[in-house]
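Here's the structure, in structure tokens; my notes come after.
All values below were derived from every heavy atom in this structure, side-chain atoms included, with hydrogens, water molecules and symmetry-related copies excluded. Within every chain, numbering begins at 1; the chains are lettered A, B, ... in the order of the sequence lines, protein sequences first and strands thereafter.
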Amino acid sequence: MKITTWNVNSVNVRLAHLEQFLKEESPTVIGLQELKSISEKFPIEACEALGYHAAINGQPTYNGVALLSRLPMSDILFDIPGFEDSEKRVITATVGGIRVINAYIPNGQSPDSDKYHYKLNWLQHFKAFIEAQLKRYPELVVIGDFNIAPTDDDVHDPKSWKGKVLCTDAEREAFFQLLDLGLIDGLRMEAQPAGLFTWWDYRQNGFEKNSGIRIDHLLLSTIVSRRFVTSKVHLEYRAMERPSDHAPVSIRLKKD
DNA sequence: ATGGTAGTTCCACTA
């Protein structure tokens, strides 16, 4: 089983890249973020033609998330139940016995903005949601664009990022509170070389210089983590012509 | 300290 997360930064602009990824990498399930599309304009036929079922939580202009799966999806859940939020950031489904929560966590803009407080508050509700889901579905993964670089090892230049949004102590604390629920950072299950990132700024040739950060994550529940085989950041998709600013990130699991 | 790029929408806003 292969599980992928990818912030595509507009699903319609990135459709050719997405189709190539589905063809060549054939993930069992992929969580997409930043669709920037209403559900009605999601390229569902193109995905179905490649053998994927689609569950879509779209929104005009901003946000929007979806799950594509080779296997049928069940118990599909939209957003965070009981949390009033006009932004479409979460979609959850059960695939092949695994509960997959796919999220686009708020960016927060800057620590002195209202959006930053919205982010921290959002994370508290997200934590409660994961906790409840874990009780019901112990075989669970949380994937997506977390907009948090957990440690300085996840940042190309920790000095310049210190105290900036995505790297503040409060955001990192919220991230580790998610792990404290009983989740493991999938990409840290095996030793990694320094400079392992998933997002690079479009500006200043960020990717060419590998001045990136690691903000896209796959968190595995204890039971799922026992099936871990390997993980991969698909750098070649960030190196393409007119790419998303995020690379797809995958983990592979043993059958049981 | 600033501004660099990309996507969408109505030309500013978010990232």
key: Backbone of Leu183(A) reached by a side-chain donor or acceptor of Ser221(A) within 3.5 Å   = no
note = Between OH of Tyr104(A) and P of dG7(B) the distance, given in whole Å, is 14 Å
task = In whole angstrom, give me the gap between the P atoms of dC13(B) and dT9(B).
result = 16 Å
inquiry  = Would you say that Leu179(A) contacts Leu219(A) through its side chain, given a criterion of any heavy-atom pair below 4.5 Å between the two side chains?
reply    = yes
Scan nucleotides 1-6 of chain B against the protein and return all N/O pairs shorter than 3.5 Å with their distances rounded to 0.1 Å.
{"from": "dG4(B)", "atom 1": "O6", "to": "Arg203(A)", "atom 2": "NH1", "distance (Å)": "3.3"}

ask   = What's the CG-P distance between Leu15(A) and dG7(B), to the nearest Å?
value = 14 Å
task = By nearest nucleotide on DNA chain B, pick out whichever of Leu35(A) and His246(A) is the more 5' one.
result = Leu35(A)
request  = Return the 5'-most residue of the pair Gln109(A), Val11(A) with respect to DNA chain B, ranking by each residue's nearest nucleotide.
outcome  = Val11(A)
Would you be so kind as to tabulate the donor-acceptor pairs closer than 3.5 Å made by side chains of residues 56-66 of chain A, with sequence neighbours excluded?
{"from": "Asn57(A)", "atom 1": "ND2", "to": "Asp79(A)", "atom 2": "OD1", "distance (Å)": "2.9"}
{"from": "Asn57(A)", "atom 1": "ND2", "to": "Val90(A)", "atom 2": "O", "distance (Å)": "2.9"}
{"from": "Gln59(A)", "atom 1": "OE1", "to": "Lys88(A)", "atom 2": "N", "distance (Å)": "2.6"}
{"from": "Asn63(A)", "atom 1": "OD1", "to": "Arg89(A)", "atom 2": "NH2", "distance (Å)": "3.2"}

message = Less than 4.0 angstrom from a charged side-chain N to a carboxylate O is my criterion; do Arg227(A) and Glu139(A) meet it?
response = yes
query = Between Trp199(A) (CH2) and dT14(B) (C1'), how many Å, whole number?
reply = 12 Å
inquiry  = Check this one for me: any side-chain N or O of Ser10(A) less than 4.0 Å away from OP1 or OP2 of dT8(B)?
reply    = yes
message = Expressed as a whole number of angstroms, how long is the span from Tyr62(A):OH to dT9(B):P?
response = 9 Å
inquiry  = Could you check whether His246(A) and Tyr237(A) have their ring centres less than 6.0 Å apart?
reply    = no
inquiry  = Taking only the C1' atom of each, what is the distance from dA6(B) to dA1(B) in whole angstrom?
reply    = 23 Å
request  = Please report, rounded to the nearest Å, how far the C1' atom of dG7(B) is from the CG atom of Asn63(A).
outcome  = 13 Å
message = Rounded to whole Å, how long is the line connecting atom NZ of Lys41(A) with atom P of dT8(B)?
response = 10 Å
query = Listed by chain and number, what are the side-chain hydrogen bond (donor to acceptor under 3.5 Å, both in side chains) partners of Ser26(A), not counting sequence neighbours?
reply = Arg70(A)
Minimum heavy-atom distance between Phe197(A) and Trp200(A), given as atom pair plus value = O-CH2, 3.1 Å
ask   = Counting any heavy atom closer than 4.0 Å, what does Phe207(A) reach on the DNA or RNA strands: base, sugar-phosphate only, or nothing?
value = nothing
inquiry  = Between dA15(B) and dG4(B), how many Å separate the two C1' atoms, rounded to a whole number?
reply    = 13 Å
task = Could you state the atom-to-atom distance from CD1 of Ile213(A) to P of dA15(B) in whole Å?
result = 13 Å
request  = Taking atom P in both dG7(B) and dG3(B), compute the distance separating them and give it to the nearest angstrom.
outcome  = 22 Å
request  = Using whole Å, report how far CG of Asn12(A) lies from P of dG7(B).
outcome  = 12 Å
